[in-house]
Amino acid sequence: QVQLVESGGDLVQPGGSLRLSCAASGSIFSINTMRWYRQAPGKERELVAEITRGGVTRYADSVKGRFTISRDNAKNTVSLQMNNLKPEDTAVYYCNADVRLDSSRNEYRYWGQGTQVTVSS
């Protein structure tokens, strides 16, 4: 089966940087769109960034100019470089991926376990 394993969450001071990574493993034929979501306490989960297999990206307005999503198709990984972090970026960050398991065009959405990012002095 398929799982996504995240890493990189940490406690960081305002203005600092973190890089989150998520690796997909298992019986994967290919991966289409990959995404990063976040959920702060008491708030709805929101889409932070996404990237297609061809490298086309989209960002939430709140992170434009500060965050960069990237992927390595050979390694089945997606990363989120976060710069100039603000306290309001504090949240659990989740990655997900639309995965094909064979040569059919059926896709399944998988989620990572979430990684905590805390921005505080």
> Can you check whether Ser27 reaches Gln1 side chain to side chain, under 4.5 Å on heavy atoms?
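Answer no - side chains too far apart.
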> Which pairs with one or both residues in residues 99-121 pass salt bridge (Lys or Arg N to Asp or Glu O under 4.0 Å), sequence neighbours excluded?
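Residue pairs with at least one partner in residues 99-121: Asp98-Arg109.
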> What is the distance from atom CD of Glu50 to atom OG1 of Thr57, rounded to the nearest 0.5 Å?
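Here the rounded value is 9.0 Å.
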> Per the side-chain hydrogen bond (donor to acceptor under 3.5 Å, both in side chains) rule, what does the pair list look like for residues 111-121, sequence neighbours excluded?
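For residues 111-121: Gln116-Thr118.
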> Got a sec, which residues hit salt bridge (charged side-chain N to carboxylate O under 4.0 Å, His left out) with Lys43, two or more places apart in sequence or on another chain?
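By the salt bridge (charged side-chain N to carboxylate O under 4.0 Å, His left out) rule, Lys43 matches no residue at all.
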> Give a yes or no on whether Val92 and Val117 share a hydrophobic cluster (residues Ile, Leu, Val, Met, Phe, Trp, Tyr; joining criterion: side-chain heavy atoms under 4.5 Å apart).
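Each belongs to a different hydrophobic cluster.
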> Going through the checks in order, is the side-chain contact (heavy atoms from CB on, under 4.5 Å) test met by Asn96 and Trp36?
CA-CA 6 Å; Asn96 77 8; Trp36 285 96; over 6 Å; no
> Under the rule for salt bridge (charged side-chain N to carboxylate O under 4.0 Å, His left out), what residues qualify as partners of Arg71, not counting sequence neighbours?
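Salt bridge (charged side-chain N to carboxylate O under 4.0 Å, His left out) check on Arg71 returns nothing, list empty.
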> Please, which pairs that meet disulfide bond (SG atoms under 2.5 Å apart) have at least one residue in residues 21-120, sequence neighbours excluded?
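Listed once each, the pairs are Cys22-Cys95.
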> Do any N or O atoms from the side chain of Arg38 and from the backbone of Glu46 form a donor-acceptor pair under 3.5 angstrom?
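Not a single qualifying donor-acceptor pair exists.
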> Applying the side chain to side chain contact (heavy atoms under 4.5 Å, CB included) test to Met34, which of Val78, Asn73, Asn76 qualifies?
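The side chain to side chain contact (heavy atoms under 4.5 Å, CB included) with Met34 is passed solely by Val78 among Val78, Asn73, Asn76.
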> Can you list the steps and then say if Leu80 with Arg19 is a side-chain contact (heavy atoms from CB on, under 4.5 Å)?
CA-CA 6 Å; Leu80 186 69; Arg19 185 176 180 86; over 6 Å; no
> Do any pairs count as a disulfide bond (SG atoms under 2.5 Å apart) and have a residue in residues 36-81, sequence neighbours left out, and if so which ones?
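Qualifying pairs, neighbours excluded: none.
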> Which pairs pass ring pair (Phe, Tyr, Trp, His ring centres under 6.0 Å) with one or both residues in residues 79-108, sequence neighbours excluded?
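Those involving residues 79-108 do not exist here.
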> Calculate, to the nearest 0.5 Å, the distance between atoms CD1 and CD belonging to Ile28 and Gln3 respectively.
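It is 9.5 Å, given to the nearest 0.5 Å.
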> Locate the shortest heavy-atom distance separating Leu85 from Leu18; write the atom from each residue and the value.
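That closest heavy-atom pairing would be CD1-N, 3.9 Å.
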> Looking only at heavy atoms, what is the nearest atom pair of Ala24 and Leu4, with distance?
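So the two residues come closest at CB-CD2, 3.2 Å.
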> So, the side chain of Ser79 versus the backbone of Ser70: is there a donor-acceptor pair under 3.5 Å, distance only?
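Such a contact is absent between Ser79 side chain and Ser70 backbone.
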> Can you measure from OG (Ser25) to NZ (Lys75) and round to the nearest 0.5 angstrom?
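Ser25 OG to Lys75 NZ: 14.5 Å, rounded to 0.5 Å.
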> With ring pair (Phe, Tyr, Trp, His ring centres under 6.0 Å) as the rule and sequence neighbours excluded, what pairs involving residues 66-91 come up?
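Ring pair (Phe, Tyr, Trp, His ring centres under 6.0 Å) check on residues 66-91 returns no pairs.
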> Mind checking what makes salt bridge (charged side-chain N to carboxylate O under 4.0 Å, His left out) contact with Arg45, not counting sequence neighbours?
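Once residues adjacent in sequence are excluded, Arg45 has no partner under the salt bridge (charged side-chain N to carboxylate O under 4.0 Å, His left out) criterion.
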> With sequence neighbours excluded, what pairs up with Ala23 under the side chain to side chain contact (heavy atoms under 4.5 Å, CB included) test?
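By the side chain to side chain contact (heavy atoms under 4.5 Å, CB included) rule, Ala23 matches Thr77.
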> Apply side-chain contact (heavy atoms from CB on, under 4.5 Å) to residues Leu101 and Val2 and explain how you reach the verdict.
CA-CA 9 Å; Leu101 303 181; Val2 176; 3.7 Å; yes
> Within the 4.5 Å heavy-atom criterion, are Ile69 and Tyr59 side-chain neighbours or not?
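Yes; the side chains approach each other to less than 4.5 Å.
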> My understanding is that only residues two or more places apart in sequence, or in another chain, count here; which of them pass salt bridge (charged side-chain N to carboxylate O under 4.0 Å, His left out) with Arg66?
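Arg66: salt bridge (charged side-chain N to carboxylate O under 4.0 Å, His left out) contacts with Asp89.
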> How does the hydrophobic cluster around Leu11 look, that is, which other residues are in it when side-chain heavy atoms under 4.5 Å mark a link?
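Direct or chained contacts put Leu11 with none.
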> Going through the distances and angles, do Glu6 and Leu20 end up as a side-chain contact (heavy atoms from CB on, under 4.5 Å)?
CA-CA 7 Å; Glu6 301 176 343; Leu20 306 182; over 6 Å; no
> Shared ILVMFWY cluster between Val48 and Ile31, side chains joined below 4.5 angstrom?
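Shared cluster, yes.
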> To the nearest 0.5 Å, tell me how far Asn84 CG sits from Ser17 OG.
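One finds 8.0 Å between CG of Asn84 and OG of Ser17.
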